[in-house]
2 protein chains.
Amino acid sequence: MHKVRECHNCNDCEIKSPLFQHLSNEDLEIMNRERFVVRYQPGELLFKQGSSYTHVIVLITGLLKCTIESAARDLLLNVAKPVEVITGPGLFTDLKHHYSASALTHVEACCIPLNHLKEVFRRNPAFAEDVSREIDARRLFSFQRLVTLTQKHVHGRVAEALLYFSNHIYESQAFQLDISRQELADLCSVTKESAIRVLKELKDEGLIVIEGNNIEIIDYQMIEKISNLG
Amino acid sequence: MHKVRECHNCNDCEIKSPLFQHLSNEDLEIMNRERFVVRYQPGELLFKQGSSYTHVIVLITGLLKCTIESAARDLLLNVAKPVEVITGPGLFTDLKHHYSASALTHVEACCIPLNHLKEVFRRNPAFAEDVSREIDARRLFSFQRLVTLTQKHVHGRVAEALLYFSNHIYESQAFQLDISRQELADLCSVTKESAIRVLKELKDEGLIVIEGNNIEIIDYQMIEKISNLG
DNA sequence: TGCTTTTATTGATATAAATCAATAAAAAAA
DNA sequence: TTTTTTTATTGATTTATATCAATAAAAGCA
């Protein structure tokens, strides 16, 4: 069974996000007020696109997926892993979530009321700058997605997705995917059939090995090349 | 000829961006230090993707286009009009520009050194929050682009582009486009031939009137419907 | 355990949009 | 002005990817 973390005080927190690294004890005290931890089962929704943005979530354990939902089909924006502070758009504008987040695995999330985070934002300019840096970096990420999704062909997109999981999520050339084929397809903004076909081709060419959700990148250079050439 | 604005002091500035509305005289004094105005001819580059982010540009006069350049083809991210503070990604991260900006018309740009803007950011929490709001809103904009460009068909994208110009840039159902067909295509991430074909179809169906770069939206409802249904 | 439902895979076909190609119009230069 | 260059337009063709359809495998449930 999953071990429940003891998590009473932000000052003693061993898994503090880099974003909170430079906060004073007093700042952390503010963050700690009304903070709480929630555990989710795989598949469960942490927050839904369109709902009120009341807490900032820090992902402590597990993986979650962030999905922009639209009439036509879902777009899987990114996968988040610990320790990540989930700062979506809406945080400083309309206080609504603009994507949905749901658990891919068992997840522990630390929930900090937005007004406390903003209180620290106002009293600590260095933190304000860190938060801006965070938002800035995420905006940059969506720029990259924009280029990838508008300019690469299915092969390039799927190859890029494999590199994304290998480099950023699982940090290994062999990994067990926590998402379905459909979700992989949503990440690449293609149909699941197309995503599967590309996987099969990469497999047939000996560039990757697949068994169910276990994937190993064999020819990393080639996958990188396919990703880059689109 | 173009009248040159007298622009010596931010305190007296009549065309101040909402972003600077809540600054004290002292804050404005800081912004004003080493601030300068540059005029550009149509087609000229204000800054290039990959170059150093040294100044924040406030667009005072004219229109400019922001383009993400990539190996395959350009993606026209947005068109900016006065009075807009151009806050691209990189501002709080790597201090590089991540898109290129160039003048579509005659342009006057007010250039504020980044370190002065950041100085005010640090001393004035309300301004810091305003800046974050700005970045947040822009991130939201790129979310919308992401959805549009991945999910709408060419008809929907071109229709949306027409609404974009009508609602946000020219604020009229009739307008003279300051961009070429190729640039319109880059905005929609389609080929210019496809963009032209859609324009022709919309024209043939009597939904718009086109003569060269003069466009008038006749059946606004229908264009909106096409934009929404993709 | 077998039964049901969901997810994955593969093939055949359709289609949206790109590419290629040629001409026309407009803008810039001589 | 005429010439040259760039931009716009239209048609014919190709192609990448979606859609449709059918089966297989896996997962959840009785």
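Letters A, B, ... mirror the listed sequences (proteins, then strands); counts begin at 1. Hydrogens, waters and symmetry mates are skipped; everything else that's a heavy atom, side chains included, is used.
- Applying the salt bridge (Lys or Arg N to Asp or Glu O under 4.0 Å) test to every pair with at least one member in residues 219-230 of chain A, sequence neighbours left out, gives no pairs at all.
- Residues that satisfy the salt bridge (Lys or Arg N to Asp or Glu O under 4.0 Å) test with A/Lys200, not counting sequence neighbours, are A/Asp204.
- In this structure, the NZ atom of B/Lys192 is 10 Å from the C1' atom of C/dT19, given to the nearest Å.
- C/dA25 atom C1' lies 14 Å from atom CD of B/Glu211, rounded to whole Å.
- Taking the six-membered ring where the residue is Trp, B/Phe47 and B/His97 present parallel rings, their angle staying beneath 30° rather than reaching 60°.
- For B/Tyr40, there are no ring-ring contact (aromatic ring centres under 6.0 Å, His included) partners, not counting sequence neighbours.
- A/Ile210 has its CD1 atom 11 Å from the C1' atom of C/dT9, to the nearest Å.
- Between the CG atom of A/Asp186 and the P atom of C/dA8 there is a distance of 11 Å, rounded to whole Å.
- Sequence neighbours left out, the pairs with a member in residues 77-87 of chain A that pass salt bridge (Lys or Arg N to Asp or Glu O under 4.0 Å) are A/Lys81-A/Glu171, A/Glu84-A/Arg138.
- Helix-axis bend for the helix from C/dG2-D/dC29 to C/dA30-D/dT1: the local axis fitted to the five terminal pairs at one end deviates from that at the other end by 50°, rounded to 10°.
- For the salt bridge (Lys or Arg N to Asp or Glu O under 4.0 Å) test, no residue two or more places apart in sequence or in another chain qualifies with A/Glu211.
- The interatomic distance linking B/Gln41 (CD) with C/dA28 (P) rounds to 13 Å, in whole Å.
- Nearest heavy atom pair, residue B/Leu199 against residue B/Ile208, reads O-CD1, 3.7 Å.
- An OP1 or OP2 oxygen of D/dT10 is reached within less than 4.0 angstrom by a side-chain nitrogen or oxygen of B/Lys200.
- Sorted by first and then second residue, the salt bridge (Lys or Arg N to Asp or Glu O under 4.0 Å) pairs with a member in residues 177-198 of chain B read B/Lys65-B/Glu183; sequence neighbours excluded.
- Annotation: proximity of residues 175-182 of chain B to DNA chain D (heavy atom, distance under 4.0 Å) is found for B/Ser180, B/Arg181, B/Gln182, numbered in ascending order.
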Does the protein touch nucleotides 16-30 of chain D at the base, only the backbone, or not at all? Give it as B, S and - per nucleotide, heavy atoms under 4.0 Å.
-SSBBB---------
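- Annotation: side-chain hydrogen bond (donor to acceptor under 3.5 Å, both in side chains) contacts involving residues 42-59 of chain A, sequence neighbours excluded, comprise A/Lys48-A/Glu69.
- For B/Arg145, there are no salt bridge (Lys or Arg N to Asp or Glu O under 4.0 Å) partners at least two apart in sequence or on another chain.
- Remark: A/Ser227 engages A/Lys152, A/Ala159, A/Glu160, A/Leu163 in a side-chain contact (heavy atoms from CB on, under 4.5 Å) (not counting sequence neighbours).
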